[in-house]
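Inspection log for the structure reproduced underneath, given as structure tokens.
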Amino acid sequence: MRTVLHLTCSPRGAESYSHIISTELVDALRARHPAATVVTRDLAGAPPGFVDVAFTRAIRDPAAIDASAFAASQVLIAELEAADALVIGTPMHNFTVPAPLKAWIDQIVRIHRSFRSTPSGKVGLLRDRPSFVVIASGGHFTGPSPSGTPAQPDHLRPYLRDILATIGITDLTFITLEGLSRGPEAVATVLAAARARLLPIRRVDAAEARD
Ligand SMILES: Cc1cc2nc3c(=O)[nH]c(=O)nc-3n(C[C@H](O)[C@H](O)[C@H](O)COP(=O)(O)O)c2cc1C
């Protein structure tokens, strides 16, 4: 493993729980692959632009392509292509991905570049790679809360699974940090459980360390 792409998506910066645990996950990968380079992109701090009219025209009419229409998209796709592992740290916002992560997705999921359309459906053009998504949420969405509040709708994990599969990324692991609005004790318990899940990632496998 030579390059890890780390995307952080919380407006709360270094205080963000998804930022903290996804950074520790990146550190765990580094412990395993000391020579790996980490490219960090703070999507919340410097969000990708929304797709604009030039982009939508270029998508519809590749013959009349205005290369500048895809300038930002090219950079972000090349950065993803170069990564041997992808780590995303993201909050749940209104049951789904926050806007900066959606803006990144709209730039990197591009027909003829990261996927193609076939009669049997969309086919990804990027190679698969280990990908991890750390999700922080105030409430619970994988099941009811400890006090029995029903799970919230989850439009985050299924959406990321579908959209990343569209471009060829299916080796996906989710680590969820749920119930973070229940106070400091709950936060400590949730972070400890997440850190326990990072231990096997940190463990050095001699064969892999040589990669
Ligand atoms: C605009 C906004 C929308 C949110 N929507 C949800 C939500 O749908 N479900 C939920 O459980 N928590 C929601 N939260 C709470 C955050 O997910 C929670 O504070 C989480 O810790 C944020 O992640 P971070 O610590 O990485 O910043 C929302 C917070 C904000 C600011």
Side-chain angles (χ1 to χ4, degrees), residues 4-31 38-51 76 79-80 83 85-109 130-165 169 171-202:
V4 178
L5 176 60
H6 182 200
L7 303 178
T8 64
C9 310
S10 171
R12 297 187 333 106
E15 286 179 7
S16 138
Y17 299 119
S18 59
H19 177 91
I20 291 168
I21 295 298
S22 63
T23 300
E24 291 182 21
L25 199 159
V26 168
D27 290 343
L29 290 172
R30 255 180 163 160
V38 178
V39 175
T40 302
R41 187 170 274 278
D42 175 5
L43 292 180
F50 294 153
V51 296
L76 296 175
E79 195 170 73
L80 177 58
L86 171 65
V87 177
I88 301 176
T90 184
M92 171 180 271
H93 277 174
N94 298 317
F95 305 147
T96 189
V97 295
L101 180 52
K102 179 61 164 57
W104 178 81
I105 288 167
D106 288 343
Q107 294 287 349
I108 59 120
V109 180
S131 298
F132 303 86
V133 184
V134 176
I135 304 171
S137 62
H140 288 257
F141 59 92
T142 62
S145 75
S147 60
T149 307
Q152 309 172 58
D154 176 11
H155 298 288
L156 204 169
R157 287 179 307 164
Y159 172 63
L160 280 184
R161 212 177 273 123
D162 285 344
I163 202 67
L164 291 174
I169 296 177
D171 181 355
L172 205 52
T173 302
F174 290 104
I175 295 177
T176 65
L177 316 171
E178 299 173 71
L180 294 169
S181 62
R182 288 183 298 124
E185 263 182 47
V187 168
T189 305
V190 169
L191 296 188
R195 286 178 174 132
R197 288 198 61 193
L198 301 186
L199 289 176
I201 297 172
R202 188 176 289 275

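Values in this document were obtained by computation on a predicted structure and should not be read as measured data. Any value given below was found using the heavy atoms of this structure, including those in side chains, with hydrogens, waters and symmetry copies removed. All ligand and atom numbering here is 1-based and tracks the order in the structure.
- More than 12 heavy atoms of other residues, nucleotides or ligands sit less than 6.0 Å from atom CZ of Arg182.
- Proximity of Leu43 to Thr8: side-chain heavy atoms (C-beta onward) are nowhere separated by under 4.5 Å.
- For His19, no nitrogen or oxygen atom sits less than 3.5 Å from a nitrogen or oxygen atom of ligand 1, counting backbone and side chain alike.
- Of all the heavy atoms of His93, the ones lying under 4.0 Å from any atom of ligand 1 are found in both the backbone and the side chain.
- Geometrically, ligand 1 and Leu180 share no nitrogen or oxygen pair separated by less than 3.5 Å.
- Residue-to-ligand polar distances keep Thr90 apart from ligand 1: every N/O pair is separated by 3.5 Å or more.
- The closest protein non-hydrogen atom to atom 9 (N) of ligand 1 is Gln152 OE1, 2.8 Å.
- For a threshold of 3.5 Å applied to N or O pairs, the pair formed by Ser16 and ligand 1 contains at least one separation below that value.
- For atom 11 (O) of ligand 1, a protein heavy-atom neighbour is found at a distance under 4.0 Å.
- A 6.0 Å sphere centred on CZ of Phe95 holds more than 12 heavy atoms belonging to other residues, nucleotides or ligands.
- The distance criterion of under 3.5 Å between nitrogen or oxygen atoms is met by Ser18 with respect to ligand 1.
- For the pair Arg12 and Tyr17, the cation sits on the ring face: its NZ or CZ lies under 6.0 Å from the ring centre, inside 45° of the axis.
- Looking at atom 14 (N) of ligand 1, its nearest protein heavy atom turns out to be Met92 O, 3.5 Å.
- The nearest protein atom to atom 25 (O) of ligand 1, hydrogens excluded, is given as Arg12 NH2, 2.8 Å; this is a heavy-atom distance.
- Val4 pairs in a side chain to side chain contact (heavy atoms under 4.5 Å, CB included) with only one of the listed residues (Thr40, Leu86, Val38), which is Val38.
- In this structure, Val190 and Glu178 approach most closely via the heavy-atom pair CG2-O, 3.2 Å.
- Counting only N and O atoms by type, the side chains of His6 and Ser22 include a donor and acceptor under 3.5 Å apart.
- For the pair Pro91 and ligand 1, the shortest N or O to N or O distance does not fall below 3.5 Å.
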